Amino acid sequence: MSKKKVSYFYHSDVGNYHYSTEHPMKPHRIRMANELIKIYGLHNKMQIFSPKIEQFGVREMTKFHSDEYIKFLKLITPETQDQFQRQMNSFNVGEDSPVFVGLFDFCKISSAGSVEGASKLNLGKSDIAINWAGGLHHAKTDQASGFCYVNDIVLGILELLKYHNRVLYIDIDIHHGDGVEEAFYTTDRVMTCSFHKYGSGYFPGTGNIKDVGYKGGKNYSVNFPLDDGMDDETYVKFFKKTITAVMDFYQPNAIVMQCGADSLSGDRLGCFNLTLKGHGECVKFIRSYNKPLLVLGGGGYTIKNVSRCWAYETSLLIDQTELPNELPIHEFYNYYTPVYQLHLEPLYMPNKNDSLVLEKHFQEIYENLKDLIPSPSNGERFRPPDLLINESEFETDEFLNEKSDFRFTEKEFNSQVQPFNEFYESPNYRQKNKLWVKKSIEDVVQKYKFDSAFNNKILESFNIVNNFNNINEIEKERKKENVIKERKEEKERKERKEKESKQKERTERREKESK
Ligand code: V1D
Ligand code: CA
């Protein structure tokens with residue numbers, strides 16, 4: 001394998017954040033991985049960056065998330081959470097995704113690393129970017145879920161889409177990558193592909209093989225459901241077959257890989273039987289496609305295995321020859337008791353995955369993929385013209401005040417090459433700023449006096465019905481259905497009550513009469 005420019009994002013504070021004593025998510029595992037990476041000397045082969053969290057905040061996060069949700073994450077503390085019970089429920093913050101000290105800064109570290117990584121790939125400054133603090137795949141536009149608050153993956157992909165027409169997202173966490181799938185469910189600009197345990201109420205419960213995407217995104221979501229005890233040989237075989245088909249038919253320009261380590265053998269929340277070799281083989285396979293690659297962390301709850309896994313995968317990504325299996329002595333050496341070695345042995349457990357069933361799943365996925373129109377093509381790109389916004393006015397989170405109505409600064413507009421036909425915005429932004437789109441087109445047209453062909457391009461690029469719009473439509477439909485269902489249930493309840501009280505009256509009357 002050839003040498004590649006690898007960027008590694010690590011913030012020295014990340015290990016200090018603490019969900020709670022009983023909570024299985026331990027950010028300390030990222031510090032442990034970093035220590036292994038250093039003691040094996042892997043950091044010498046990469047460019048090391050600390051995510052610039054001072055320059056990352058509400059504005060960056062609301063490119064996907066709603067303003068209200070991000071404002072809430074910024075404001076909430078363990079001391080004040082009791083006063084915000086309604087918001088806690090509505091934003092699904094609580095048991096799985098609790099409020100802890102420094103929550104918002106933790107989200108910044110995770111997200112800034114992924115977005116900066118994507119930016120390095122965009123600018124050709126790196127071939128591979130690694131952010132083990134990222135990969136928080138369950139977070140939704142306005143809800144936390146499964147230990148995830150801000151979806152760094154969606155933010156990273158949005159950044160990549162500024163330069164890349166088609167982005168492939170691959171998720172080998174044992175849980176379904178629902179937040180990322182949902183964000184891009186109706187677009188062909190991103191293909192999502194998750195391998196996960198499915199069934200018996202396993203979290204999050206989504207990721208059926210029949211969930212393939214919707215409208216313009218139909219067949220651009222791939223779900224491979226798996227069962228307990230999955231071993232290296234079977235996993236790698238079906239991973240490679242599926243990814244080969246995905247790569248052949250989708251031909252992405254960039255890849256994002258979520259490497260959740262809860263799919264490893266002996267994970268506290270997982271039920272697969274993979275070793276570092278099997279998990280790592282998938283990473284190596286993706287690397288071999290030589291596409292701009294953003295590699296992210298994710299789940300993983302037996303922390304000594306998480307750090308082993310991500311250190312080993314870092315070595316694969318920098319193409320370091322085999323690491324010594326004996327772990328070098330370092331600060332966290334004692335965690336690796338009783339076997340102070342890098343690699344894991346599989347456990348003696350049955351593999352409940354029947355190869356014939358997996359083959360049937362693969363065939364179903366293949367059938368959906370083979371009919372894909374190879375789109376969107378590498379067509380002409382539209383670079384938004386120099387715009388309107390004076391950067392200094394928009395450098396702080398002040399933009400969220402009602403008076404401010406732009407999401408991109410002049411510098412951003414000037415520096416990014418935005419693919420033709422795409423414009424990103426958060427749903428709230430659109431609601432609040434419906435007029436802005438129209439006004440800015442008029443301004444642009446006025447200011448630059450474009451010829452009509454170019455005008456049409458601008459109009460198209462701004463008027464595109466984007467994915468979040470569709471997600472809103474689906475959400476609206478869902479809400480409508482719920483209201484109808486609730487009304488029906490209410491009516492049935494009333495009727496039942498009336499029937500019961502009539503029945504009671506009749507019984508009482510009969511009792512009186514019999515006396
Ligand atoms: F065991 C726990 C102790 C304290 C708090 C939470 C948990 C816990 C274990 N498993 N929570 C879960 C999962 N939640 C549920 C819900 C509770 N029910 C009402 C449903 O089963 C959540 C598992 C999240 C997995 C996250 C992830 O590994 O996919 C991940 N990837 O990137 C970041 C996290
Ligand atoms: Ca997964």
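The residues of the chain are indexed from 1 along the displayed sequence. Ligands are counted one by one from 1 in listed order, and the atoms in each one are counted from 1 as well. For the numbers below, each heavy atom of this structure counts, side chains included, while hydrogens, waters and symmetry mates do not. Just so we're clear, the structure is a prediction, and the values are computed from it rather than from any experiment.
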Query raised in the report: Do Tyr301 and Phe147 have ring centres separated by under 6.0 Å?
Result: yes
Requested in this report: Could you tell me if the ring centre of His343 sits under 6.0 Å from that of Tyr312?
Outcome: yes
Report task. Evaluate whether atom CD of Glu233 has more than 12 neighbouring non-hydrogen atoms of other residues, nucleotides or ligands under 6.0 angstrom away. Result -> no
Requested in this report: Everything protein-side that's N, O or S and under 3.0 Å from the Ca ion (ligand 2): list it, residue and atom.
Outcome: Asp171 OD1, Asp173 O, His175 O, Ser194 OG, Phe195 O
Requested in this report: Please check if the side chain of Ser111 supplies one atom and the backbone of Cys107 the other of a donor-acceptor pair under 3.5 Å.
Outcome: yes
Just list the N/O pairs, ligand 1 to protein, that are under 3.5 Å apart, with the distance for each.
residue  : atom   : partner : partner atom : Å
ligand 1 : 11 (N) : Asp96   : OD1          : 2.7
ligand 1 : 14 (N) : Asp96   : OD1          : 3.4
ligand 1 : 14 (N) : Asp96   : OD2          : 2.6
ligand 1 : 28 (O) : His175  : ND1          : 3.1
ligand 1 : 28 (O) : Asp262  : OD2          : 2.7
ligand 1 : 28 (O) : Tyr301  : OH           : 2.5
ligand 1 : 29 (O) : His137  : NE2          : 2.8
ligand 1 : 29 (O) : His138  : NE2          : 2.6
ligand 1 : 29 (O) : Asp173  : OD1          : 3.2
ligand 1 : 29 (O) : His175  : ND1          : 3.0
ligand 1 : 31 (N) : His137  : NE2          : 2.9
ligand 1 : 31 (N) : Asp173  : OD2          : 3.1
ligand 1 : 31 (N) : Gly299  : N            : 3.1
ligand 1 : 32 (O) : Gly135  : O            : 3.3
ligand 1 : 32 (O) : Gly299  : N            : 3.2

Query raised in the report: Can you find a pair of side-chain heavy atoms, one from Asp211 and one from Ser221, that are under 4.5 Å apart?
Result: no
Requested in this report: Go through the structure and list residues passing ring-ring contact (aromatic ring centres under 6.0 Å, His included) with Tyr340, not counting sequence neighbours.
Outcome: Tyr333
Query - Test item: side-chain donor near acceptor, Asn92 and Ser145, under 3.5 Å - result: no
Query raised in the report: Are Phe106 and Phe100 close enough that their ring centres sit under 6.0 Å apart?
Result: yes
Requested in this report: Using salt bridge (charged side-chain N to carboxylate O under 4.0 Å, His left out) as the criterion, list what pairs up with Asp228, not counting sequence neighbours.
Outcome: Lys197
